[in-house]
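Below is one structure, written out as structure tokens, with a few remarks after it.
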Amino acid sequence: MLDAAKPNRPELPAEIARRRTFAIISHPDAGKTTLTEKFLLYGGAIQMAGQVRAKGEARRTRSDFMKMEQDRGISVSASAMSFDFGTYRFNLVDTPGHSDFSEDTYRTLTAVDAAVMVIDGAKGVESQTQKLFEVCRMRDLPILTFCNKMDRESRDTFEIIDEIQEMLAIHVTPASWPIGVGRDFLGCFDMLNNRLELMDRADRNKVAESIKMDGLDDPKLDDHVPAHLLEQLREEVEMARELLPALDADEVMAGQMTPIWFGSAINSFGVKELMDGIANYGPEPQPQSAEPRQISPDETKVSGFVFKVQANMDAKHRDRVAFVRMASGHFKRGMKLTHVRSKKPMAISNPVMFLASDRELAEEAWAGDIIGIPNHGQLRIGDTLTEGEALRVTGIPSFAPELLQGVRAGDPMKAKHLEKALMQFAEEGAAKVFKPNIGSGFIVGVVGQLQFEVLASRIEMEYGLPVRFEASQFTSARWVTGPKAQLDKLVEANKQHIGYDNDGDPVFLTRLQWDIDRVVRDYPELTLSATKELH
Ligand code: GDP
């Protein structure tokens, strides 16, 4: 049901209260691309559909993936998409689907207020879904679940719900209940609105037929649902109402309960109901944790933070786009904001927004929106922009890499160029780059093997530098903090283990867990950390 924006904090200006900023989390192949496409169709951004499709398919093979990386236009315009749904403005932030890019995904989730979890009805909760769910849990993000591909043979409805409850430790409440499975799948009974939703297999882009019912005993049901399926539906819904918790908006808001919709993205079925769910339980833009104080979206002063940087979108100009989540206020194009890290003013004259299929100038943006700010490298992940106040958004992590390799320029004369390229990728968040305390060259850290290949290809393409990655004796890195005297002592005694990241912060490069244990034992005042707050 689409009603006017229902603010849970009534003081929010209507423009902010109608915004829903969310991401989709799923395991590859569950149907994220298809669902995104349907969101955009309902949002009136029809031209976009092909583009999303191109992206989903490009990801399938490694070489195609490289091609997609070359074609920055596609991946960028899909990084954040805004579209209207009824009286609401949806901002869908794309999470990179490949597990190798999980760190980028984690950071993306810092920019949203909710997540839609898509699972495949035949496969249930898969590994990547679980990993992403854990990140949402760390932030208590509200999660709405869409169980996709119900037009195919899928698991028993109770079994799917049980699996989610067990594997993810979250209460599940059915927002809809499927009628029939596989080829017999007819549609759903909308448990929130007492409606029968019938799927149209003939027209994949058609909104389901929706018939208002007066409960499950409504005789109208007999006209549309064969007797055996109707009997099963009544039994199952009765059991579900007995065994499963009823929808509690506060619990959803706290990330302790997820409503589940059943549907088939490819048949556009269940999508509108899910979108209504996002509108109703979304939620609206939430306060942002920051130091020295939290930022509330309704503050009149504008603030925002960078959660993603994408470089070299245009090979001819070395421009970068910093993706900024607006945390408060009403931004207008041309505003001068303070870049808190450098304390310098920045005139934001060419902000872009990704409305429908086009990247266009953002004349204005409200708390909850995502804008892209082209810049020459001043803006880094974790940076805060304000109207002057020294606020620093917190909670945007950088994770210790899980794979390390040394890297050298194919031509030793080009070492300086390589350093520049690496620093840029480090700032973009595409890799960790450490300068070892002794020796030449750099150590590059990533989360997944594929990232080395993507990096090598981007350095060659964007900087014309052939590079060689080579094995490193190190396997991981920890950021070291603590009293200077202890830190100096550690550096002095472990020269070959020390490196510096692109901010100049020291890291301890490790081979084995034993290395870490040793430092913890010998230097009790130092802290070794697998994550670093970016700011
Ligand atoms: P992603 O990897 O999560 O983005 O998944 P895609 O949206 O690319 O979908 C993966 C595959 O599942 C594609 O071949 C889709 O056509 C197919 N698919 C998506 N939704 C449905 C659905 O509701 N039913 C069926 N049968 N297939 C679907």
Side-chain angles (χ1 to χ4, degrees), residues 22-43 45 48-62 64-65 67-68 74-75 77-81 92-102 104-105 108-109 115-133 143-155 157 160 176 178-188 197-208 260-275 448 450:
F22 64 100
I24 302 180
I25 60 170
S26 64
H27 192 85
D29 255 12
K32 186 176 82 166
T33 312
T34 311
L35 185 64
T36 303
E37 222 173 83
K38 297 298 156 114
F39 279 172
L40 295 170
L41 282 171
Y42 287 123
M48 190 67 188
Q51 241 172 326
V52 180
R53 172 60 41 201
K55 178 175 178 257
E57 267 153 22
R59 209 186 51 230
R60 308 251 174 266
T61 65
R62 195 166 287 196
D64 279 352
F65 180 75
K67 230 168 60 207
M68 178 196 93
I74 289 180
S75 55
S77 57
S79 289
M81 295 163 263
L92 171 55
V93 186
D94 187 48
T95 51
H98 204 287
S99 58
D100 277 359
F101 291 90
S102 45
D104 208 8
T105 311
T108 295
L109 290 170
V116 169
M117 174 167 79
V118 180
I119 61 171
D120 179 324
K123 296 188 179 147
V125 178
E126 297 175 86
S127 57
Q128 184 75 357
T129 321
Q130 182 152 19
K131 256 170 88 178
L132 292 166
F133 177 88
I143 294 172
L144 311 181
T145 303
F146 186 71
C147 184
N148 191 28
K149 305 197 187 182
M150 295 306 289
D151 58 315
R152 288 219 296 232
E153 283 311 315
S154 45
R155 295 209 209 148
T157 312
I160 295 168
S176 69
I179 307 170
V181 287
R183 260 185 291 158
D184 291 335
F185 179 68
L186 211 86
C188 282
E197 313 286 355
L198 295 173
M199 185 170 91
D200 186 341
R201 281 183 196 255
D203 187 348
R204 291 184 151 183
N205 290 329
K206 205 170 136 192
V207 183
I260 183 168
W261 284 263
F262 294 84
S264 168
I266 206 155
N267 288 296
S268 311
F269 183 77
V271 177
K272 192 180 161 296
E273 290 71 26
L274 174 66
M275 291 175 93
L450 178 63

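Start at 1 and go down the list; that is how both ligands and their atoms are numbered.
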Give the numbers and elements of all ligand 1 atoms closer than 4.0 Å to a heavy atom of [X].
X: Ser264; value: 22 (C), 23 (O), 24 (N)
X: Ala265; value: 23 (O)
X: Lys32; value: 1 (P), 3 (O), 4 (O), 5 (O), 7 (O)

Can you check which of [options] brings a heavy atom nearest to [atom]?
atom: atom 25 (C) of ligand 1; options: Asp120, Thr36, Val271, Asp151; value: Asp151
atom: atom 12 (O) of ligand 1; options: Met150, Lys149, Glu153; value: Lys149
atom: atom 19 (C) of ligand 1; options: Asp29, Leu35, Thr34; value: Thr34

Verify the ring-centre separation between Phe185 and Phe269: is it less than 6.0 angstrom? yes

Taking only residues two or more places apart in sequence or in another chain, which ones pass ring-ring contact (aromatic ring centres under 6.0 Å, His included) with Phe133? none

Those residues that, when tested against Asp200, pass side-chain hydrogen bond (donor to acceptor under 3.5 Å, both in side chains) (two or more places apart): Lys206

Asn267 touching ligand 1 at heavy-atom level, < 4.0 angstrom: no

Do Ser127 and His27 touch side chain to side chain, with heavy atoms closer than 4.5 Å? yes

Should Val181 and Glu153 count as side-chain neighbours, where that means a heavy-atom distance under 4.5 Å? yes

Between Ser176 and Phe262, what is the shortest heavy-atom contact and its length? OG-N, 3.0 Å

